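A short worksheet on the structure shown next.
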Amino acid sequence: MSMDKTFDARAVEPRIIALWESASAFAMGANAREGAEPFSILLPPPNVTGSLHMGHAFNHTLMDILARWRRMQGYDVLWQPGLDHAGIATQMVVERELAKAGEPDRREMGREAFVRRVWEWKAESGGTILEQCKRLGDSFDLSRNAFTMSGAPGAPEGEEGNFHDAVLRAFVTLYERGLIFRGKRLVNWDPHFETAISDLEVEQVEEKGNLWRLRYPLENGETYEHPVEWDEEGRPTRFETRDYLTVATTRPETMLGDTGVAVHPDDPRYRHLVGKTVRLPLVNRSLPIVADEHADPEKGTGAVKITPAHDFNDWEVGSRAGLRAINVMDTRARITLEGNDDFLDGAEPTPEAMALHGLDRYVARERIIAVAREEGWLDGIDEEIHTVPHGDRSKVAIEPFLTDQWFVDAKTLAGPALEAVRTGRTRILPEQHEKTYFHWLENIEPWCISRQLWWGHQIPVWYGEYVGRGGVVPHSTRGPAPDETGVFQEHGRWVKAFCGPDAETVREDAENWYRARLGHRVIVRFEGESEDEAGAYPEERGTSFVTLTRDPDVLDTWFSSGIWPIGTLGWPEDTPELRRYYPTSVLVTGFDILFFWVARMMMMQLELVGEVPFRDVYIHALVRDEKGKKMSKSLGNVLDPIELIDEYGADAVRFTLASMAAMGRDLKLSRDRIAGYRNFGTKLWNAARFAEMNGCHPDPAFDPARVTLTANRWIIGETGRLRETLDEALAGYRFNDAAGALYAHVWGKVCDWYVELAKPLFADEAKAPETRATMAWVLDQCLVMLHPFMPFVTEALWGQHDRARLLVHADWPTYGADLVDAEADAEMGWVIALIDEIRSVRAQMGVPAGARITLLTLDLSEAQQAALAANRAFVERLARIERMEAAAEAPKGAVTLTVRGATLCLPIADVIDIEAERARLAKAIARLEKEAKGLRGKLGNEAFIARAPEDVVDEARARLEATEEEMAILRAAEARLADL
RNA sequence: GGGUGAUUAGCUCAGUGGUAGAGCGCUUCGUUCACAUCGAAGAUGUCGGGAGUUCGAAUCUCUCAUCACCCA
């Protein structure tokens, strides 16, 4: 069988994938040794709508390297894969599809039908990314594939699983512990998707905008003196009398909801106005002027209108000052005035104001400005750049919006999550990210977890009519809220919330609660359920019915992925997997989801099972394009990993990513680099091809410790060193160091030197057998150690010989520097240095590459003489030396070279270029002189001798000696040159 | 405005106190029987500026400049 000159990745990769698959090579516990320690990693679940991008490729490569490495070491490995249902993203995709197909939109179809439709979409198109992962070589256990919506109502066959139960259980547990609450608060509202989103899903975008100044007339005929001119010390010198207060705003349309005007308590211009009122134009609502430090005297006019229902800062000011919050928009951010009791209460809106009803917020803005200009209360307009919050999915401006939502008490949960990292129960690497983690958790706000969507886990809360203690039903919500948990205002009534993991539990709870309150039996029905379904008829006197309505909202996707560690292992059941693989060994992820996901997993797992979800968190950088730009579809600079795999092979892509994975820095990916590592694969392939052509076959009985030839012992020692370097690098997540060590060994040691050294050895009958066996072993070790990085080409090469097992399950070596033979190491080191030096001189002297020349030895130590004699064949072949002779002194016109104290020369008078040689010597001497000067200075410094460690001083002395010796030889050569 | 990080060869980047490195690119030479997706040789650096600590600083401290990202 003869091998091609290159590895045909495209043809071979699918075959290898099939091979692994049919061997269930990646199954949980595959290749685990008896009594093995577990090693578990969670795949950060990609969105079900996603396709593999460079970030995934990077992330997965790192995880796969760890998984394959540990699996070969015999650990009990579980790499758990799965998909995220991605609420907004998925709903968006399916809605877009409906629109494209001209089908009824989701509102027309209804919730149940729509959700069914999403499941259908998932069955067809969801999870293509997992197929793409296989191309990359991901060795996760697909037989355990998880999905964050598995087991949810409406899930089709094949989508069973515990995840929905786990999510609801998590919610109920937190609810019962008082860590989830419902409240009317200002939230980030996405008017496009018509749902609340969390702080993290908001992007701040810088925009050019205006600062409008509006005049709000003072009421009750009030006037004041407003300073208009100042002296040099900033004292006002001239005033004008005003009967209005000028406020500045970037959002004039929100004025409809203004309930106050704030000024700074120390602002001399306005502080005397505090307690007075202004009349809101258009609306004719009376607004109190309040003092609040939020009003910045430096900004705008120093007086700021307060709209608590449409601005987070204003909400705070309003709370402090006791101002009303008036919502003037609907869920699509259209102005809503008609029938808006809050708005109309205490207002006498003009017809112009009422005409704004139903208009988009931006249209209303224009209209209001036009009216203000017309009516003379527009004071002026300044251009300004300000940041505007946008939805990260919809890209539309977020509207702060007053609604009832569910929140997680993140502050309480953050405590243990902070503690776990502070005490080192979980390590975050690189450490710099710990700071970010701490900072965020220390300043965390309640996490809004309810979403007004349909695709997701519906909140397991049902509402029924509230009954007070003693069986009294309050008539209205005007009075104070009942002093009980789980009682909320809903459509102007008090309702009692019942939370439970399933409907029957809730029904029972509710029936007991109502019975206790009303003193008679109560039968609970769920909305939409018939009396039959309710399962009972009134049997006793006084029995009544209560209808419970389920909260229509679903949970934030990140709430469910927040329990990914335990959910994928079977929680809330106490499964063997949970006991064995939890906590997981390491989480590998990008810093962009440190808050979204990592911190929340820490909080939720610690609360739910009291143990950290992972021992280590390895945060890697982002993949950018060659110019350092973040890859994005809109910029069109996206490198598609699948395309790159098609072109260069998965191994090349993986090795590139691993090489660039230095901690903490973004990596810029270029095709050149990938091509370079594709070439590295070819290099390895051809080394194997060389071995194949020379009859090197792996021998299971080969014992590297019993090899006798120096060159063989040398490369075996190098192999031992590599194993140590590699394991150390991988244990510290220094993937680039690991990749670099492999590259340097395989290319720089094995291919550049050992293969060349082997050639003359193969020609020698006495030396060939040991060398063949060593070559086979050395290359096998390369395959084993490269496998986690380049699984395809290594598995393919491994399969060239009969093997007991696949490479993916081969034993990872445990030998180390014990294989290094110091003598062989020194000897080969000197021989290689000699060859390097001769080559260098030849090239610089212009000796034709093909010419064979003579090497004269002048001054060699005994060991060097022995080394030269023993390795004569190597020197002759690799330095193209024809003859070697000893000489007492250098002949005229010979070129002198020094190699670690040895002096040799090349008598090449016929080809020598005297000027070139003079230049070469001068340059070498100058370099040595510079070094010697530095060393002399150091050694002449008494403080250095006195304070530097002894070994450093000794080393400097030795180096100076060697440098001076070499310089002397070269000076002598320079002098001889003068004779020519 | 606050925070974090970066600044090293033409480019992209390693390098945690003791002789400045890699890959790519570039120049010259070479198709010797593993590989031209190759081999050999070579050039290229006041390690962003300044100050300090130290026997010794690319590395530690301060400061300035520039850039990037995150948060408000």
Side-chain angles (χ1 to χ4, degrees), chain A residues 3-7 199-200 202-204 312-313 387 389 430 432-433 435-436 439-440 443 591-592 594-595 621-622 624 626-630 648-649 652 656 659-694 734 736-737 739-740 743-744 747-748 750-752 755-756 758-759 775 779 835-836 838-850 852 877-880 920 927 930-931 934-935 937-949 951-953 955-956 959-960 962-963:
Chain A
M3 292 167 64
D4 290 337
K5 283 191 175 184
T6 54
F7 171 61
D199 299 348
L200 283 177
V202 175
E203 288 173 352
Q204 301 295 335
F312 286 96
N313 287 319
T387 53
Q432 74 210 40
H433 291 293
K435 284 188 206 162
T436 324
H439 185 257
W440 189 70
N443 297 290
F591 74 81
D592 49 331
L594 182 64
F595 306 143
L622 279 180
R624 294 169 181 276
E626 296 178 64
K627 297 186 192 83
K629 286 247 162 60
K630 194 169 171 175
Y648 301 103
T656 307
S659 303
M660 300 175 83
M663 277 197 201
R665 216 150 121 160
D666 289 348
L667 50 101
K668 295 175 190 165
L669 196 61
S670 74
R671 285 168 175 274
D672 283 349
R673 193 86 188 241
I674 304 171
Y677 290 116
R678 185 266 325 270
N679 297 354
F680 176 56
T682 308
K683 193 73 182 172
L684 174 74
W685 179 264
N686 278 288
R689 182 163 176 260
F690 169 78
E692 163 82 19
M693 291 166 75
N694 285 282
R734 294 195 315 274
N736 57 317
D737 284 352
Y743 189 93
W747 202 316
V750 175
C751 293
D752 284 352
V755 164
E756 294 305 324
K759 287 174 185 173
M775 176 68 76
L779 288 176
I835 293 167
D836 272 342
I838 298 172
R839 281 173 169 173
S840 175
V841 168
R842 289 178 60 121
Q844 283 179 69
M845 291 301 105
V847 178
R852 298 186 147 267
R877 182 185 183 97
L878 300 178
R880 304 201 67 76
R920 178 185 80 92
R927 182 180 52 81
K930 191 182 164 201
E931 198 186 336
L935 288 165
K938 233 179 191 181
L939 289 163
N941 181 346
E942 276 174 41
F944 175 70
I945 305 288
R947 304 207 192 173
D951 56 324
V952 172
V953 177
E955 200 196 324
R959 253 175 48 221
L960 179 60
T963 308

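Note on naming: letters A, B, ... go to the chains in the order of the sequence lines (proteins, then strands), and numbering restarts at 1 for each one. These figures come from a predicted structure and were not determined experimentally. Heavy atoms only: backbone and side chains are in, while hydrogens, waters and symmetry mates are out.
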Enumerate the protein-to-nucleotides 27-32 of chain B contacts in which both atoms are nitrogen or oxygen and the separation is below 3.5 Å.
none

Set out, line by line, the N/O atom pairs under 3.5 Å between protein and nucleotides 38-40 of chain B.
{"unit_1": "B:C38", "atom_1": "OP1", "unit_2": "A:N679", "atom_2": "ND2", "d": "3.2"}
{"unit_1": "B:C38", "atom_1": "O3'", "unit_2": "A:K683", "atom_2": "NZ", "d": "3.1"}
{"unit_1": "B:G39", "atom_1": "OP1", "unit_2": "A:K683", "atom_2": "NZ", "d": "3.1"}
{"unit_1": "B:G39", "atom_1": "OP1", "unit_2": "A:W747", "atom_2": "NE1", "d": "2.5"}

Sequence neighbours left out, what passes side chain to side chain donor-acceptor pair (under 3.5 Å) with [X]? Give chain and number order.
| X | result |
| --- | --- |
| A:E955 | none |
| A:S659 | A:Y677 |
| A:S840 | A:Q844 |
| A:N679 | none |

Mind checking side chain to side chain contact (heavy atoms under 4.5 Å, CB included) for [X] and listing every partner two or more places apart, or none if nothing turns up?
| X | answer |
| --- | --- |
| A:R852 | A:R880, A:E882 |
| A:T6 | A:T682 |
| A:N313 | A:H294, A:D311 |

Closest to side chain of A:T387, choosing from B:A34, B:A72, B:G18: B:A72
For RNA chain B, what string of dots and brackets results from 5' to 3' when Watson-Crick and G-U pairs need both distances under 3.5 Å, crossing pairs get [ ], and pairs with another strand get |? ((((((((.[[[[.)..(..]]]].(((((.......))))).....[[[[[..)....]]]]]))))))).
Going through the checks in order, is the salt bridge (charged side-chain N to carboxylate O under 4.0 Å, His left out) test met by A:E756 and A:K759? CA-CA 5 Å; A:E756 294 305 324; A:K759 287 174 185 173; 3.1 Å; yes
Nucleotides 19-22 of chain B: which of its N/O atoms have a protein N/O under 3.5 Å away?
{"unit_1": "B:U19", "atom_1": "O4'", "unit_2": "A:R959", "atom_2": "NH2", "d": "3.2"}
{"unit_1": "B:U19", "atom_1": "O2", "unit_2": "A:E931", "atom_2": "OE2", "d": "3.4"}

Going by salt bridge (Lys or Arg N to Asp or Glu O under 4.0 Å), name the residues that satisfy it together with A:K930, two or more places apart in sequence or in a different chain. none
